Q: 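Sharing a structure here in structure tokens format.
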Amino acid sequence: MEWLTAPFEVTFVQRALWAGVLVSVICAPAGTWVVLRGMAFLGDAMSHGLLPGVALAALFGGNLLVGAVASAAVMTAGVTVLGRMPRLSQDTGIGLLFVGMLSLGVIIVSRSQSFAVDLTGFLFGDVLAVRQQDLFLLAAALCVALMVSVLGHRAFLALTFDARKAKTLGLRPRLAHAVLLGLLGLAIVASFHIVGTLLVLGLLIAPPAAALPWARSVRGVMVLAALLGVAATFGGLLLSWHLGTAAGATVSALAVSLFFLSHAASGLRHRRARTAPVSASAPFPPSLPPLKSTEVN
């Protein structure tokens with residue numbers, strides 16, 4: 001079993017594993033709401049919208065994480081404001097912000113005559129370069145994400161299934177939407193060090209989407225998504241070590257592969273359930289029930 005344990009005897013791989021575990025747990029709640037609300041395009045736009053802040057931080061020798069947080073805050077505020085314009089669809093506003101922020105980032109990079117800003121790590125991640133202080137920041141981000149998820153769960157649930165009911169219940173759906181965007185931004189900022197902005201949706205969306213056919217509740221999706229994200233991180237780092245491939249991309253690819261395997265297994269289960277004879281001892285219903293808005297009550 002040396003092939004299984006040898007990579008994780010190296011210090012920087014251990015740090016990469018811990019970083020991936022923390023990011024997987026951070027992404028699980030945010031990714032679950034992204035999947036349930038169909039917000040994948042928003043997640044993609046926000047991940048690319050980090051470029052201006054990261055580019056400015058790199059040009060002036062600042063902390064890339066601080067620059068990413070600043071850009072995420074701008075994107076969150078922009079999406080919230082544009083989403084309240086009655087004559088502008090949300091997708092249009094997100095698309096405009098996406099292109100605008102990405103263009104601004106490219107302009108900032110082009111102003112550097114030496115083009116010394118290395119965007120490879122930003123685009124594709126560099127999980128093996130995670131430092132000890134990065135782990136502390138990820139742990140702090142995890143605490144914030146869990147606190148927001150617990151306190152806002154009821155409001156997020158009502159907003160996801162029936163925004164009008166959320167307003168009737170006094171849950172302030174506009175504020176809940178803004179907080180949810182902040183949670184999404186936090187997950188993306190935490191993830192870009194690991195898998196980069198081009199592959200961030202691999203850890204953000206793939207695990208919750210893979211967990212969806214097997215969970216009975218929203219919280220169940222979150223827990224299973226976190227476990228699948230951890231599995232993808234461990235397996236991705238292991239494969240990367242032995243195959244000599246990019247670590248972040250391998251983690252992301254394995255997460256997406258788990259999604260396809262999950263849905264293939266779910267399809268086989270449902271086909272067998274339809275063809276199996278009904279017996280008195282058979283459990284009913286034979287498949288997991290879909291998530292319903294009755295969880296709000």
Side-chain angles (χ1 to χ4, degrees), residues 3-4 20-21 23-44 47 91 149 153 156-163 165 180 184 187 191 195 198-240 242-243 245 248-297:
W3 66 273
L4 187 63
V21 169
V23 166
S24 297
V25 181
I26 293 171
C27 285
T32 298
W33 297 120
V34 167
V35 170
L36 292 177
R37 298 196 64 198
M39 296 165 57
F41 177 56
L42 175 59
D44 190 37
S47 65
D91 283 348
S149 299
H153 181 81
F156 296 157
L157 192 66
L159 181 66
T160 298
F161 291 107
D162 193 340
K165 187 172 184 179
L180 184 57
L184 175 59
S191 304
V195 293
L198 291 182
L199 304 173
V200 68
L201 293 187
L203 281 181
L204 186 68
I205 293 181
L212 204 57
W214 306 96
R216 294 178 177 271
S217 66
V218 174
R219 289 189 179 92
V221 174
M222 293 178 181
V223 172
L224 186 53
L227 294 176
L228 290 173
V230 171
T233 300
F234 180 85
L237 290 174
L238 185 66
L239 290 174
S240 172
H242 290 293
L243 300 178
T245 56
T250 307
V251 169
S252 184
L254 186 56
V256 175
S257 299
L258 290 176
F259 160 76
F260 287 111
L261 288 174
S262 171
H263 280 261
S266 177
L268 288 174
R269 183 193 63 175
H270 285 297
R271 279 198 292 270
R272 289 181 179 178
R274 286 196 299 267
T275 57
V278 178
S279 63
S281 60
F284 184 84
S287 60
L288 298 177
L291 299 173
K292 296 181 180 180
S293 59
T294 53
E295 288 191 53
V296 178
N297 296 324

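Computation of the quantities below employed the complete heavy-atom set of this structure, encompassing side-chain atoms and omitting hydrogens, waters and symmetry-equivalent molecules. This is a predicted model, so every value here is computed, not measured.
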Q: Do you know the tightest heavy-atom contact between M222 and A28?
A: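 Looking at all heavy atoms of both residues, the closest pair is O-CB, 3.4 Å.
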
Q: S252 side chain to G248 main-chain N or O, any donor-acceptor pair under 3.5 Å?
A: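 Looks like no, no N/O pair under 3.5 Å.
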
Q: Which heavy-atom pair separates A206 from F259 by the least distance, and what is that distance?
A: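 Nearest heavy atoms, A206 then F259: O-CB, 4.1 Å.
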
Q: Taking all non-hydrogen atoms of both residues into account, name the closest pair between L254 and A232 and its distance.
A: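 For L254 and A232, the tightest heavy-atom pair comes out as CD2-O, 3.6 Å.
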
Q: Side-chain donor-acceptor pair under 3.5 Å between T160 and W33, yes or no?
A: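 Absent: no donor and acceptor within the cut-off.
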
Q: Which heavy atom in V256 sits nearest to a heavy atom in G202, and how many Å separate them?
A: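 Looking at all heavy atoms of both residues, the closest pair is CG2-CA, 4.5 Å.
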
Q: Got L212 and L36 here, is their nearest side-chain heavy-atom distance under 4.5 Å?
A: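 A side-chain contact exists here, since the closest heavy-atom pair is under 4.5 Å.
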
Q: Return yes if some donor-acceptor pair links the side-chain N/O of S24 with the main-chain N/O of G20 below 3.5 Å, else return no.
A: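 Yes.
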
Q: Between H153 and R219, is there a donor-acceptor pair closer than 3.5 Å when you use the side chain of the first and the backbone of the second?
A: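 No: the side chain of H153 does not pair with the backbone of R219.
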
Q: With a 3.5 Å distance limit and no angle check, can you tell me whether T233 reaches the backbone of G229 through a side-chain donor-acceptor pair?
A: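 Yes, the answer is positive, given that a donor and an acceptor are paired below the 3.5 Å cut-off.
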
Q: What distance separates T32 OG1 from L157 CG, expressed to the nearest 0.5 Å?
A: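 Here the rounded value is 11.5 Å.
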
Q: Roughly how far apart are L203 CG and L228 CG, rounded to 0.5 Å?
A: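 So the CG of L203 and the CG of L228 are separated by 11.0 Å.
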
Q: How close do A225 and A211 get, heavy atom to heavy atom, and via which atoms?
A: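 Distance-wise, the nearest heavy atoms are N-CB, 3.9 Å.
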
Q: Can you see which heavy atom on P29 is nearest to which on S149, and at what distance?
A: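 Here P29 and S149 meet closest at CB-OG, 3.3 Å.
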
